[in-house]
2 protein chains.
Amino acid sequence: MSLRTAQRASLVDQVIEQLKEQITSGSWRLHAKIPTETVLAEQLGVGRNTVREAVRALTHAGLLDCRQGDGTYVRATSELSGAMARRLRTAEHLEILEVRRALEVEAAKLAAVRRTEGDIELIEAALLRREQAWVEAEVDAFVEADLAFHVAVVEATHNRVLIELYKDFSAALRASIAAAGAPLENGHIPHDAIARAIASGDASAAERAGHACMEHIAIALTDTAELLD
Amino acid sequence: MSLRTAQRASLVDQVIEQLKEQITSGSWRLHAKIPTETVLAEQLGVGRNTVREAVRALTHAGLLDCRQGDGTYVRATSELSGAMARRLRTAEHLEILEVRRALEVEAAKLAAVRRTEGDIELIEAALLRREQAWVEAEVDAFVEADLAFHVAVVEATHNRVLIELYKDFSAALRASIAAAGAPLENGHIPHDAIARAIASGDASAAERAGHACMEHIAIALTDTAELLD
DNA sequence: ATCATTGACTTGTAGGATGATTGGTTTCCC
DNA sequence: GGGAAACCAATCATCCTACAAGTCAATGAT
C-alpha cells in the first residue's frame, strides 16, 4: 500500500469541503454574503478558529472574499475560474476560441453517445431561451442562454473532469464576453444542428456540427475585428 | 529572515507571502521541515493563530504538508496545479483521457500548421529521449520524456491559453501517473506518426495520428484495468 | 435635509488551554 | 544483548476568550 494516501480528514478539511459544497451546489450564489463566522461555527458544530482557517484557505484559493467589518462573500464558484479569468483576460480571442473548439467538439461527440433524455431536455430548453433572447434582443439573457447551452452539452458527456474544466472556462468566458461587449451577430450560428445531432445520437454529425459552429464564430470574430479597424 | 510590520495588507496575507518567499527562494527546500508554528509566530512577531491560518492556506494550495505530532514540510515549490491535482486524483482515467484527447488532437492539428523549425527539433528531441528511456526500461525518464513530448506538441501551437491549460493539466497528470504506477506497455504507441505529420505540416494527418495515439492509450487502459480484475 | 455620532455587528489578531498524534528514548523482561 | 512495551517530549489540532478594527445603518443634533 502507498504511504499515507488515505489520511483521516481533519475538521478544517471537512469544513472546507462543506463550504465548497455550498458554493458549487449553488446554495450560495456568486457575490452572495455567506453567514458570519460565529453562525457557521454554530451550524457546523466547530470552533470559530476552525471556520476561520477554512474560510482563509478558500479566500486564498480565490473562492471567497472577506471584508473586515462587513462580511464574507462568494467571489468565484470554482478554484480555477479565478486564475483562469486572469489568464483569459490577456489572451486573444482566437486563442480562446481554439481551446473552446477543442473542448466543445469533443464534448459534442461524447454527448451524442452518452446523453440521457434529461440532458436533451436541458439542451433544448437552453436553445429555446437562447433564441427567445435573440429575437427580443436581450443581450445579457442571450449570453447567459448561449453559455447555458454549451454547458448543457458538456454536461451531457457525464465526464466530470471535462465538465469542471469547461465550467471554469465558461465562467471566465462570461467575464471576457461581457468586457468585450457581446457581438449579437452570433445569433445566427447554427446551434440547433448540434442539438439535433446529439439528440439523434449521431457522434460524427455532432462533431461536424460542432466544427461548423466554431467556424462560424471564427468568421464572426474576424469580421468584427475588421470592423474595428 | 527579516520581519516587517507593515500594515497595508492583512497580517495573514503578509505571512503567506513571506512563507511563499521562503519556499520559492529555496531557503526551505523540498521536503524540508519548516519551523514550528510557535517559532514562526515569534520570528514574525505575530500570533500563532495568524501563522496557522497562513500555513493552512498554503497547505490547501498544495505547497505545505502538515503532520500532526511531527511537523510541517514543504510539499511543492509552486502552486500552479494544486487544484487541478486534487481534482484529477478522484477522477477516472477514462475521463482524464477524454480531456487529453480533446486538447491534444486539436493541438496536433494546430501545431502542424504553426510549428517552427525550433518546435520540430524540440518535439523530435523529446521523442528520442522517450524511445531511449523505453529501451532502457527507465520508468521515470520515460514518463518525463513522454510528457515532454506532448508539451512540446502543445507548445508548437503557439496558443498561450492552450499551452498554460495543458501544462497545468500535465503537471497534475504526472502525479496521477506516478501514483497509479506507470504502465510501460504504452511504449509502443505511435507517437512518431504525430511528429512526422506535424513536421510535414499536414494538419489532417496530425489529427488522425493524434486520434490513433489516444485510441491506443484507451485500449491499453482498458487492458490494464482488465488485468487488475 | 445634512451630517456627525453612536452602537451593533463582523472580521482580524492575540494568546492560552487541552487533546491527539508522532517519533524518539528509556525501561523492563527474556 | 535484543526486542518489545511504556514513557516522554515535541508538534499540530481544536476550542476558547478577549480585544482591536472596520463597516454599516440608525439616531439625533444642527
Side-chain angles (χ1 to χ4, degrees), chain A residues 1-20 22-23 28-76, chain B residues 1 3-20 22-23 28-29 31-76:
Chain A
M1 199 55 198
S2 63
L3 37 133
R4 84 169 21 259
T5 44
Q7 63 179 1
R8 172 189 96 289
S10 75
L11 262 187
V12 174
D13 287 335
Q14 290 179 48
V15 173
I16 288 177
E17 281 312 309
Q18 297 208 45
L19 298 188
K20 265 204 281 197
Q22 296 292 321
I23 295 171
W28 295 343
R29 302 191 177 281
L30 203 60
H31 303 128
K33 188 172 174 177
I34 75 174
T36 69
E37 294 174 351
T38 318
V39 172
L40 279 177
E42 277 176 17
Q43 286 181 351
L44 297 167
V46 299
R48 184 177 158 226
N49 263 347
T50 309
V51 172
R52 274 192 64 76
E53 286 177 23
V55 167
R56 173 64 63 178
L58 293 180
T59 299
H60 185 251
L63 271 85
L64 294 178
D65 186 20
C66 296
R67 294 185 214 156
Q68 184 179 171
D70 185 358
T72 303
Y73 299 81
V74 178
R75 176 191 288 171
Chain B
M1 174 191 291
L3 47 96
R4 342 192 170 100
T5 44
Q7 278 292 337
R8 55 185 77 126
S10 85
L11 267 183
V12 173
D13 287 334
Q14 290 179 51
V15 173
I16 288 177
E17 280 312 308
Q18 298 210 34
L19 297 188
K20 265 205 280 196
Q22 296 293 323
I23 295 171
W28 295 343
R29 302 192 176 280
H31 302 126
K33 186 170 173 179
I34 75 173
T36 70
E37 295 175 350
T38 321
V39 172
L40 279 178
E42 277 176 19
Q43 286 183 353
L44 297 166
V46 300
R48 203 168 47 76
N49 266 342
T50 308
V51 172
R52 269 192 68 76
E53 287 178 23
V55 168
R56 173 66 63 177
L58 293 180
T59 300
H60 185 251
L63 283 167
L64 294 178
D65 185 21
C66 295
R67 294 189 210 156
Q68 184 179 180
D70 186 358
T72 303
Y73 298 82
V74 178
R75 177 191 287 174

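Since we're looking at a predicted model, the values are computed, not measured. A, B, ... follow the sequence lines: proteins, then strands. Residue 1 opens every chain.
Spacing between atom OH of A/Tyr73 and atom P of D/dT23 amounts to 11 Å, rounded to whole angstrom units. Taking atom CG of A/Asn49 as the reference point, atom C1' of D/dA18 lies 12 Å away to the nearest angstrom.
Scanning for salt bridge (Lys or Arg N to Asp or Glu O under 4.0 Å) contacts around A/Arg67 gives A/Asp65, A/Asp70, with sequence neighbours left out.
The CG atom of B/Asn49 sits 12.0 Å away from atom CZ of B/Arg56, with the distance rounded to the nearest 0.5 Å. The NE2 atom of A/His60 sits 4.0 Å away from atom NZ of B/Lys20, with the distance rounded to the nearest 0.5 Å. A distance of 5.0 Å separates CG of B/Leu64 from CD1 of B/Ile34, quoted to the nearest 0.5 Å.
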Would you list the protein and nucleotides 9-12 of chain C atom pairs, both N or O, that sit under 3.5 Å from each other?
unit_1, atom_1, unit_2, atom_2, d
C/dT11, OP2, A/Glu37, N, 3.0
C/dG12, OP2, A/Arg52, NH1, 2.9
C/dG12, OP2, A/Arg52, NH2, 3.4
C/dG12, N7, A/Arg48, NH2, 2.9
C/dG12, O6, A/Arg48, NH1, 3.4

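Closest non-hydrogen pair, A/Cys66 versus A/Val55, comes out as SG-CG1, 3.5 Å.
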